[in-house]
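For reference, the structure is listed below as C-alpha cells.
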Amino acid sequence: MGQIIFLRHGQAKNNTDRILAGRTEGVPLTDVGEQQAQHTAELLEHMNISAIYSSPIQRAQHTAEIVGKHNSLDVTIDDRLIELDMGKFTGMAYDEIFNDHGNVFMKFYQGDLEIAHNGVETFDEVKKRVLGIVDHVIENHPDENVVLVTHMDPIKAMLSTVVDLSPTNLFELIIANASLNLFRENKRKFSISGLNVMHPTRFDQGW
C-alpha cells in the first residue's frame with residue numbers, strides 16, 4: 001500500500017505580507033521558504049517517493065523543483081492541484097478582507113452563497129478536483145509513494161473527505177508551510193498517517 005503525500009509549498013512572500021495571493025503570478029518563495037523546502041526534500045529522501053506532481057503556481061512549483069532535484073525526480077504539473085480562485089478577493093490584504101467582508105474563509109467552508117457570488121471557487125469544487133488527482137495517482141501509481149505539491153485549502157479538502165471536520169475546525173486548522181500530510185488508501189477508503197510532518201529542526205521555529 002503506497003502513500004499519497006500532500007506537501008504544502010514553502011513560506012512565500014504572500015504569507016509574510018499577509019496578502020491573499022490566490023492564483024496571482026510572480027509570488028516567490030522567501031529565503032525561509034526555500035530552506036523549508038530543502039529540509040522537506042531531505043525528509044522525503046527516506047520515504048522512497050516515485051513521482052512528484054505540482055500545482056502550476058510559482059511558489060508550489062519551486063517547492064516541487066527543490067524536492068525533485070534532491071530526490072532525482074522530474075516534476076509533473078497538474079492544474080487540479082492549483083490554488084483557489086479567490087475571485088474579487090485576489091490580491092487583497094487579509095485585514096482589508098475581514099474588515100469589509102467579515103470572515104470569508106469561514107463562509108468558504110460553510111458554502112455561503114456570498115463566496116460564489118464574488119467569483120470564489122467553492123469548497124465542493126476544490127474537493128472534486130483534488131479527488132480527481134488522487135484517483136489519477138491511485139490508478140497510475142499503485143503501491144507507490146507519490147508527492148502532490150499544492151496549497152493549504154486543497155490539502156484541507158482532502159482531509160475533509162477522510163474525517164468529519166466542521167467549518168470552524170477547517171478554519172482553525174493550519175497546514176504548515178512545507179509540511180507533509182500523508183494518506184493511505186485501500187479500496188478507495190482513506191486513512192491519515194501523518195499531519196503537518198516536518199523536519200525535526202523546524203519544531204522549535206514555529207510555523
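Of the candidates T63, T30, D31, Q11 forms a side chain to side chain donor-acceptor pair (under 3.5 Å) with just one, namely T30. With L84 as reference, D153 is the one residue of T122, D153, I115, L20 to meet the side-chain contact (heavy atoms from CB on, under 4.5 Å) rule. The residue from R23, R8, R59 that alone fulfils the salt bridge (Lys or Arg N to Asp or Glu O under 4.0 Å) condition with E83 is R59.
A side-chain donor from one of S55 and H151 sits under 3.5 Å from a side-chain acceptor of the other.
Taking a 6.0 Å sphere around CG of D74, one finds it holds 12 or fewer heavy atoms contributed by other residues, nucleotides or ligands. Counting heavy-atom neighbours within 6.0 Å of N140 CG, excluding the residue itself, gives a total above 12. The number of heavy atoms from other shown groups lying within 6.0 Å of NZ (K107) is above 12. Annotation: N48, atom CG; neighbour count of heavy atoms from other residues, nucleotides and ligands within 6.0 Å does not exceed 12.
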Please lay out, stage by stage, how Y53 and V147 fare under the test side-chain contact (heavy atoms from CB on, under 4.5 Å). CA-CA 6 Å; Y53 291 81; V147 175; over 6 Å; no
Give the intermediate values and the outcome of side-chain contact (heavy atoms from CB on, under 4.5 Å) for residues F171 and F108. CA-CA 9 Å; F171 172 67; F108 169 73; over 6 Å; no
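One finds a salt bridge joining E139 and R188 here, because a Lys/Arg side-chain nitrogen approaches an Asp/Glu carboxylate oxygen to under 4.0 Å.
Here Q38 contributes atom CD and L43 contributes atom CG; the two are 11.5 Å apart, rounded to the nearest 0.5 Å. Between the CG atom in L165 and the NZ atom in K156 there is a gap of 9.5 Å [rounded to 0.5 Å]. Annotation: the span from N196 atom CG to L180 atom CG amounts to 9.5 Å, rounded to 0.5 Å. To the nearest 0.5 Å, atom CZ of residue F183 and atom CD1 of residue I192 are 5.0 Å apart.
Without hydrogens or angle criteria, N186 side chain to K189 main chain gives no donor-acceptor distance under 3.5 Å. Put simply, the side chain of N145 gets close to the backbone of M47: a donor and an acceptor are under 3.5 Å apart. Under a 3.5 Å cut-off, the side chain of T24 and the backbone N or O of G91 do not form any donor-acceptor pair. Within the 3.5 Å criterion, the main-chain N or O of Q36 finds a donor-acceptor partner in the side chain of T40.
In this pair, F98 and F105 present their aromatic rings tilted. The plane angle is within the 30 to 60° band.
Taking both residues in full, the closest heavy atoms of G10 and N15 are given as O-OD1, 4.1 Å, listed atom of the first, atom of the second, then distance.
Side chains of I133 and L148 form a contact here, defined as non-hydrogen atoms less than 4.5 Å apart.
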